[in-house]
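For this chain, numbers begin at 1 and follow the sequence in order. None of the values given here were measured: they were computed from a predicted structure.
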Amino acid sequence: MDAAEVRSRRLRSHLLAEPAATVTDVAGRLFAVQAQDFAAGRWALGIRTSGEVTVGEVDRAFDDGRLVRAWTQRGTLHIVEPAAVGTILAVTGERQARAYGIDAELLDRGERVFRTALAAAGSLTRAAFVDALQRDGIAGSVTAGSRILTALSIRGVLALGPVVPREEGVAREQYLVALPPPGAASEDPTTDLLIAYLRGHGPASSSDFAWWAGLPAGAARAAAERAEERLIALGDGLLALPDTGGASLVGTVALPAFDEYVLSYADRSIGMGAGDRLTVGPTANGMVRPVLLRDGVAVGTWALSLAAGSRGIPEATLFPAESDAGVSEALARVRGFFGFA
């Protein structure tokens, strides 16, 4: 399969060619949307939703409990449906927890503080919870408290939910919420997670899945072998679910920082175009810049300030020899999403 066909299939999988009806449909399809940058994660949902969706509509999905942000994999925040958190953590949680190395008894104490503080206050910010951990003597610093908070999310206890109102500009913070107990355990959660990944990201290799989920390569390969009858092998190690769709082109779109289309593969060359790690990322500090994408290939980068008082004027930087066709329209859609137009 040539690169153009891989891009065409991925554009459909990512809902960039065929947008979903609602933002929760997008989250369900991609299963986990990287979102340590909260604004970027919300635009990742918005660009994949049909109609003129706004950041306020995305925020309502968090306020209503239909979406949360949790540390589901690779120690990084992702937007997920609440019921999906346990499904992912059944595969990734133990490995992430080992990386944090926080004593189980300490986490038990931290969980009790969280549930008590949440019940007393009704709503709880991250800062307020860390303060409670410090008052209880569980955390000796803000940094230690933040690590406990993250570890509790990896344990499946809490996530970031409703958006904290902000008087001016785009809201940035979320209140903490308790996660529902996990559902019945799957017989093969790793294979189930591979299928979910391919549904929203395929075609991709087992190495791509291993990177996305933060799993050892051998575990990812074994899951692919167990799922062999449910998958189609496309050559060069690429796997996909059965696909009857035709070719997909999407013109020029403005993807957010850390977008799944750019980031969620071990091999990112197919969609990179003339970009590289210096211009797009991941950079040495882990940054992945917003990308201008044309028919599945990066043609440049862009930036938009969401600081209070900003005029919301985006800046685009095209790669050499690329045209600006469709760029203004793509960036106007971003401005509209964030309320600048």
Side-chain angles (χ1 to χ4, degrees), residues 27 32-42 55 58-90 92-167 169-182 214 258 286 308:
V33 178
Q34 186 155 335
Q36 70 266 50
D37 181 323
F38 188 30
R42 287 180 281 180
V55 68
V58 176
D59 287 353
R60 279 193 288 275
F62 288 97
D63 295 342
D64 296 344
R66 289 174 285 144
L67 295 177
V68 295
R69 209 163 43 125
W71 285 267
T72 52
Q73 64 237 64
R74 305 193 313 275
T76 300
L77 279 163
H78 287 74
I79 293 172
V80 291
E81 294 179 297
V85 177
T87 301
I88 301 173
L89 290 177
T92 68
E94 182 178 352
R95 187 176 179 85
Q96 290 190 95
R98 287 200 305 270
Y100 274 80
I102 297 176
D103 179 79
E105 183 178 349
L106 186 64
L107 285 183
D108 289 343
R109 292 175 60 193
E111 181 175 347
R112 287 194 294 270
V113 169
F114 165 69
R115 296 193 186 281
T116 300
L118 182 61
S123 60
L124 191 66
T125 64
R126 295 168 71 170
F129 175 46
V130 171
D131 284 345
L133 290 172
Q134 291 181 281
R135 286 196 306 271
D136 203 79
I138 296 173
S141 66
V142 171
T143 299
S146 296
R147 282 177 56 81
I148 291 171
L149 189 158
T150 301
L152 287 173
S153 179
I154 291 169
R155 194 184 243 200
V157 171
L158 57 81
L160 298 168
V163 178
V164 178
R166 188 181 182 198
E167 290 186 3
V170 177
R172 297 178 177 178
E173 299 294 329
Q174 294 170 271
Y175 293 111
L176 295 172
V177 294
L179 286 169
F258 304 102

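- A pairwise comparison of heavy atoms in Ala35 and Gly41 identifies CB-CA, 3.9 Å as the closest pair.
- Residues meeting the side-chain contact (heavy atoms from CB on, under 4.5 Å) test with Thr150, sequence neighbours left out: Trp71, Tyr100, Ile154.
- Listed for the Asp64 side chain is no donor-acceptor partner under 3.5 Å among the backbone atoms of Arg66.
- Across all non-hydrogen atoms, the minimal contact from Ala151 to Leu107 is CB-CD2, 3.7 Å.
- Taking both residues in full, the closest heavy atoms of Gln174 and Gly161 are given as NE2-O, 2.9 Å, listed atom of the first, atom of the second, then distance.
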Show your working on side chain to side chain contact (heavy atoms under 4.5 Å, CB included) between Val68 and Val85 and close with a plain yes or no. CA-CA 9 Å; Val68 295; Val85 177; 4.1 Å; yes

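- For the ring-ring contact (aromatic ring centres under 6.0 Å, His included) test, residues two or more places apart in sequence or in another chain that qualify with Phe129 are Phe114.
- A salt bridge (Lys or Arg N to Asp or Glu O under 4.0 Å) check over residues 144-163, counting only residues at least two apart or in different chains, returns the pairs Asp108-Arg155, Glu111-Arg155.
- The closest donor-acceptor contact from the side chain of Thr92 to the backbone of Thr72 lies under 3.5 Å.
- Sorted by first then second residue, the ring-ring contact (aromatic ring centres under 6.0 Å, His included) pairs that include residues 132-156, not counting sequence neighbours, number zero.
- Side-chain atoms of Asp63 come within 3.5 Å of backbone N or O of Val163 as a donor-acceptor pair.
- Here the closest non-hydrogen pair linking Ser153 and Leu89 is O-CD1, 3.5 Å.
- For Phe62 and Phe38, the ring centers are positioned less than 6.0 Å apart.
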Under the side chain to side chain contact (heavy atoms under 4.5 Å, CB included) criterion, do Arg42 and Asp59 qualify, and how do the steps go? CA-CA 8 Å; Arg42 287 180 281 180; Asp59 287 353; 2.8 Å; yes

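- In the model, Gln34 has a side-chain atom that pairs as donor or acceptor with a side-chain atom of Gln36 under 3.5 Å.
- Residues Leu106 and Ile148 share a closest heavy-atom pair of CD2-CD1, 4.2 Å.
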Where do Leu67 and Val80 land on the side chain to side chain contact (heavy atoms under 4.5 Å, CB included) test, with the steps shown first? CA-CA 6 Å; Leu67 295 177; Val80 291; over 6 Å; no

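- Listed by first and then second residue, the salt bridge (Lys or Arg N to Asp or Glu O under 4.0 Å) pairs involving residues 121-142 are Arg109-Asp136 (not counting sequence neighbours).
- Sorted by first and then second residue, the salt bridge (Lys or Arg N to Asp or Glu O under 4.0 Å) pairs with a member in residues 68-87 form an empty list; sequence neighbours excluded.
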